[in-house]
Amino acid sequence: MAKYYSIAIDGPAGAGKSTIAKRLAKEMGFVYVDTGAIYRTVAYFLDLLGVSPKDVDGVERYIDELTIGIEYDEDGTQHMIMNGMDVSGEIRTQDIAQKASLVSAHAVVREVLLDMQRDVAKSHNVIMDGRDIGSVVLPDADVKIFLTADPEVRAKRRYDELIAKGQKAELGKILQEVKQRDHQDTHRPIAPLKMCRDSVKVDTSAMDIETVVTAIRNVVKEKTGL
Ligand code: DC
């Protein structure tokens, strides 16, 4: 059987996971799987139905009516398909991020998504980012990275991103949201965000993207020979 490599990148929101993972995937010819987008798709679906992300019964009742597809275009960009509809743009709001964090705490949601994530890794070389990739989804990953940064730095990055897009933003409010999501993601009973014993920790607070990519590329080379 062919050997497929897997690289797990976990960490809090805004640490730079997706930027770094995308870059590495392109460079190495791996498939990039943004698992947060899958949780966001569930949150968006429930939101459209008016189901609160905290309502366990509602979540359990409607989750079976959702079919999620993951597609990739020629340049490797991931598209999320919700019951046949591309919702990749709709899921990228702060509101849906916050709801995804709440929805992801339910056992039924994590169970449904677990196989979906593992299936991709069974037949592709993958770089997967999320919160529980190294700890739960791919515990045998060839490389595990824990990417983090101070909450203030992560909030400022998000603020700069929004301002660059010409949107309104309030740094204090963003920092509060960052801290709230960190708390929810690290304190839930099932598959909380945490660093694995065999993860390599990279704190990006004082690093630019190029430096982070080079550092992680070197870890990958050392661990896999690729
Ligand atoms: O990475 P993101 O901001 O798109 O993730 C949105 C939420 O989804 C995050 O706050 C928690 C949840 N999530 C998770 O529980 N497990 C993952 N592997 C990825 C995301």
Side-chain angles (χ1 to χ4, degrees), residues 2-40 76 78 97 100-101 104 110 113-114 116-158 161 178-179 181-226:
K3 153 88 182 156
Y4 289 105
Y5 289 90
S6 53
I7 299 170
I9 304 187
D10 289 302
K17 298 188 298 291
S18 66
T19 310
I20 304 300
K22 253 184 238 164
R23 281 275 304 266
L24 280 178
K26 200 162 212 175
E27 198 181 312
M28 300 183 68
F30 278 32
V31 173
Y32 164 52
V33 187
D34 167 3
T35 64
I38 316 178
Y39 287 93
R40 284 171 184 252
Q78 177 176 317
S101 173
S104 71
R110 303 209 74 86
L113 301 197
L114 187 59
M116 187 186 298
Q117 297 168 79
R118 283 186 177 155
D119 282 349
V120 188
K122 270 185 205 150
S123 49
H124 300 88
N125 292 320
V126 292
I127 299 188
M128 214 176 260
D129 82 14
R131 304 293 186 286
D132 64 336
I133 308 306
S135 57
V136 176
V137 179
L138 303 174
D140 298 325
D142 299 281
V143 184
K144 295 183 188 179
I145 305 287
F146 191 81
L147 202 67
T148 188
D150 297 339
E152 289 74 15
V153 174
R154 290 185 278 125
K156 178 69 166 63
R157 285 177 188 161
R158 176 78 193 142
E161 239 172 60
V178 161
K179 287 183 173 169
R181 206 135 72 90
D182 281 0
H183 184 84
Q184 281 166 196
D185 293 347
T186 51
H187 286 78
R188 65 178 179 227
I190 316 161
L193 168 66
K194 63 164 192 250
M195 193 176 126
C196 306
R197 272 217 315 263
D198 51 351
S199 289
V200 175
K201 183 177 175 180
V202 179
D203 186 329
T204 69
S205 300
M207 291 165 94
D208 63 19
I209 290 171
E210 293 311 319
T211 316
V212 181
V213 171
T214 307
I216 296 181
R217 185 70 189 90
N218 286 338
V219 174
V220 171
K221 217 175 262 172
E222 196 183 296
K223 300 232 175 219
T224 64
L226 296 175

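Residue numbers start at 1 and run along the sequence shown.
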Please check if the side chain of Lys22 supplies one atom and the backbone of Tyr32 the other of a donor-acceptor pair under 3.5 Å. no
Out of curiosity, Leu24 CG to Thr214 OG1, how far, rounded to the nearest 0.5 Å? 9.5 Å
Flag side-chain contact, heavy atom, 4.5 Å: Ile216 against Leu147: yes
Closest approach of Val178 to Arg154 (non-hydrogen atoms, all atoms of both residues): CG1-NH1, 3.5 Å
Could Glu210 and Arg23 be called an ion pair, given the rule that one side-chain N must be under 4.0 Å from one carboxylate O? yes
Shortest non-hydrogen contact from Gly134 to Ala8? N-CB, 3.8 Å
Compare all side-chain heavy atoms of Thr148 with those of Met195 and state whether any distance is below 4.5 angstrom. no
Is there a donor-acceptor pair closer than 3.5 Å between any side-chain N or O of Asn125 and the backbone N or O of Phe30? no
Any chance the side chains of Thr204 and Arg157 put a donor and an acceptor closer than 3.5 Å? yes
Taking the side chain from Asp150 and the backbone from Ser205, do they hold a donor-acceptor pair closer than 3.5 Å? no
Test side chain to side chain contact (heavy atoms under 4.5 Å, CB included) applied to Val137 and Leu113, Leu114, Val120, the passing residue: Leu114
Tell me which one of Val136, Ile133, Leu138, Val126 satisfies side chain to side chain contact (heavy atoms under 4.5 Å, CB included) with Gln117. Ile133
Nearest heavy atoms of Ala141 and Ser6, plus distance in Å: CA-OG, 3.3 Å
The reported gap from CG in Asp129 to CD1 in Ile145 (rounded to nearest 0.5 angstrom) is 12.0 Å
Ion pair Lys3/Asp142, N-O distance below 4.0 Å: yes
Determine yes or no for a side-chain-to-main-chain donor-acceptor pair under 3.5 angstrom, with Lys17 supplying the side chain and Pro12 the backbone. yes
Is Lys144 reaching over with its side chain to a backbone N or O of Pro139, donor-acceptor style, under 3.5 angstrom? yes
With rounding to the nearest 0.5 Å, note down the distance linking OG1 in Thr35 to CG in Asp132. 6.5 Å
Got more than 12 heavy atoms from elsewhere within 6.0 Å of CD1, Ile190? yes
Are the side chain of Gln78 and the backbone N or O of Asp34 linked by a donor-acceptor pair below 3.5 Å? yes
Quick check: does any side chain N or O of Arg40 sit under 3.5 Å from a backbone N or O of Ala100, one acting as donor and the other as acceptor? no
Answer yes when Asp119 and Lys122 have at least one side-chain N-carboxylate O distance shorter than 4.0 Å, and no when they do not. yes
Tell me if a side-chain donor or acceptor on Arg131 pairs with a main-chain N or O of Pro192 at a distance below 3.5 Å. no
Would Met28 and Ile7 count as a side-chain contact (heavy atoms from CB on, under 4.5 Å) if you check the C-alpha gap in whole Å, the side-chain angles of each, and the deciding distance to 0.1 Å? CA-CA 11 Å; Met28 300 183 68; Ile7 299 170; 4.2 Å; yes
Looking at Asp208 and Thr211, would you say the former's side chain and the latter's main chain have a donor-acceptor pair under 3.5 Å? yes
Pairwise distance NE2(His183) to OG(Ser101) - rounded to 0.5 angstrom: 10.0 Å
Heavy-atom distance under 4.5 Å between the side chains of Lys194 and Phe146, does that happen here? no
CD1-CE distance between Ile20 and Met207, expressed to the nearest 0.5 angstrom: 8.5 Å
One should read off an interatomic distance between Arg188 CZ and Gln184 CD, to the nearest 0.5 angstrom, of 9.5 Å
